[in-house]
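Everything on this sheet refers to the single structure shown next.
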Amino acid sequence: MSRALTFRAAATLVARREFGQRLRDRSFFISTAVTVGIIAVVALFPRFTDVGEDSFDVGLLGGDQALRSAVQQQADVAGVEVEFGDVADAEQARGAVTDGDLDAYVDGDSVYVERDLDDSLRAVLQNAYSQVQGSAALSEAGIDPEEVTAALNGATLGTVTLDPEAEERNTRGVVAFFGSMVLFGQLMGYSMWVAMGVVEEKSSRVVEVMLAAIPARALLAGKIVGIGLLGLVQLMVIGALGLALAGGLGMVTLTASMLTPVLLSLGWFVLGYAAYSCLSAAAAARISRQEELQNVTTPVTMLTMISYFASFLAFMSPDSPLVGVVSVLPPFSALVMPIRMARGDAAGWEVGLALGSMLLLIVLLVALAARIYEGAVLRMGAKVSWREALTPDRGTSTPAGK
Amino acid sequence: MLELDRLSRRYGDVVALDDLSFTVRPGQMYGFVGTNGAGKTTAMRIVLGVLSPDSGTVRWQGRTVDRDMRREFGYMPEERGLYPKMRVFDQLVYLAQLYGVARTTARQTAGDLLDMLALGERASDRVEALSLGNQQRVQLAAALIHDPAVLVLDEPFSGLDPMGVDAMAGVLRARVDAGAAVVFSSHQLELVERLCDAVGIVRAGRMVADGTVEQLRGEAARRYRIHVDAGPGWVGELRDRLPGVTVVDGSAPDALVELAPDVDDQKALDTARALGPVRQFTPVRSTLTELFREAVTDGAGDDAGTHAGDHAEESR
């Protein structure tokens, strides 16, 4: 009637359940929404703080159209925003400046401010004033003001960028940094889910029923793969929404090269998750009650926190030698390397070394976690010591009397 | 035939099982009774392979049980043994698939089982939303989902209301009639007596009595309730006249006496008649509860020190 499942078939069944069950869980949608919300706030934040920095309200007394258009033109060149407020006389203008409705007003040959004049506004007004006064003087000398204006306007400096990709690399670095922040959350959250799943099965004794049917390693493998796939899908959703949001708000220009940091984050998530989830599963298999979970997963959490701070360091001071070391050192590399790679800071051999040592660590952790899980998952009651868990063939699912 | 052959298991210094053996035939319902911590759960977990014995073997149809053969076993652990947040129906189908049952067959069987256990309407509820009694029914369904030839159930009746007990008993009886070997542990001895074809009484990891309830009775001392229409001293007179008679309870007009194995009950009747008209002479059938009390208290002092099995089962 029934045939024995292969290891792979059993693990696939488990993975499918983990994926499907958690996808239907409300907390999955909440956490996705919260993360996207945080990205939105971070993306919008500079817009709010921008107000008042490079935007000025100016009043021009006397209604001089020439001065007004000159100010406008100079403002465009300097990249600042100038709004003109309507003021009828000096009295009203003075009141507006005192109330803060205007940043400055120009009356004759003076500019009036409440306390001090912003440097960029000073440059704009000064240049505009000189231009107007200059062309007035020239036209008095018999030269056509139109020609003067045309001559002056034509004489702007062009800009030649020596490293045209620098800014884009920088933006990629920023995107990768945000990627690492999200990655940190994902690694913490999903390896914690693995730990909680292991303890849930233990505390409800489902594990006894499960292990009567399939091998412990298939259960572990399925759990890690299923939850990890969900994490990857969520990360893709967050990455796509985050990029779309940042692009829509004009934070980054969406180009194909902006996908690079997102893809890097996804790739490093897979590696980082493999390492951290194995550690979490092994730690959680030692206990039988959810209450003890925090206790045993603290070391894993600490490792993740260290990676998190290292990625800050990598963002703030990319040239620090410490960053170079941490970026190749597993498991910290998972959060640090994507930033360096996105910015193009990491040499090829560094990337290779980071990948190689990470993979090596994963191989070791998988073997270790499988062994500890097998040794500890059926021991109910008090916390199982590492040594007990590693002692083979006690309370495992090996056939009787072999 | 399911054979547990000389199973031993220690937890550190604590002996949980000590040379425990018994057999269950297909089509037989076997009741496994014993005080808390006597080793019942340990034995069941060994049968299911979730625990290894220190020594001894488990055989099914003459062959040592391995993982592949265990797919014919169904197991219901004492505690919940279900995913609290999973829907009842999905849970059953999932378990069946893990045992290698095809998905379509699994869905069919899950539906049938839930209908049979009167849980059809709760199929799409999460397990945690069900009452404990209903959770237990789901658990039984989970143990039956792959149509096992051997069923091992740890305390399947505990916490069920009388209707639940009847439903569970009915399902188990149907399985046995269909040829399955069923072992369950229980503290409800009247229930065990009513349902089981054979009973094993375990104490401190050792089997102290094993057989049908009738056989266990046969081993126990015979008791009779006798009423002789004579003066108050007739009981003492009877004991004095016939060696091997012990008075268990002589306070009532009808006395309860125990006869030694070599005493013929007809001779006892004759002796009683000599004392006066005999109004009652009834063999008293001991209940399983009485047999159990005798079995677990007999010489319990001898080995209580070395077999502190209570701790073992409680803490593992």
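Naming: A, B, ... by sequence-line order, numbering from 1 per chain.
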Verify salt bridge (charged side-chain N to carboxylate O under 4.0 Å, His left out) between A/R24 and B/D90, making sure each step is shown before the conclusion. CA-CA 13 Å; A/R24 266 178 275 172; B/D90 295 348; 3.7 Å; yes
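- For chain B, the nearby part of A/S203 is the backbone; its heavy atoms alone come within less than 4.5 Å.
- Proximity to chain B involves both the backbone and the side chain of A/V14, based on heavy atoms less than 4.5 angstrom apart.
- In this model, a donor atom of one side chain and an acceptor atom of the other lie less than 3.5 Å apart for A/T32 and A/Q234.
- In terms of non-hydrogen atom pairs under 4.5 Å with chain A, the most contact-rich of B/Q97, B/M86, B/Q139 is B/M86.
- Not a single donor-acceptor pair under 3.5 Å links the side chain of B/K85 to the backbone N or O of B/E128.
- When the shell of 6.0 Å around CD of B/E121 is examined, it contains 12 or fewer heavy atoms from other residues, nucleotides or ligands.
- Both the backbone and the side chain of A/E208 come within contact range of chain B, with heavy atoms under 4.5 Å apart.
- When A/A212, A/A213, A/G20, A/A218 are compared by the number of non-hydrogen pairs under 4.5 Å with chain B, A/A213 comes out ahead.
- Contacts of B/L7 with chain A are absent, with no heavy-atom separation under 4.5 Å from either backbone or side chain.
- The existence of a salt bridge linking B/D18 and B/R206 is confirmed by a sub-4.0 Å separation between a basic side-chain nitrogen and an acidic carboxylate oxygen.
- Neither the backbone nor the side chain of B/D5 comes within contact range of chain A; no heavy atoms are under 4.5 Å apart.
- No more than 12 heavy atoms of other residues, nucleotides or ligands lie within 6.0 Å of CZ in A/R8, so this atom counts as exposed by the packing criterion.
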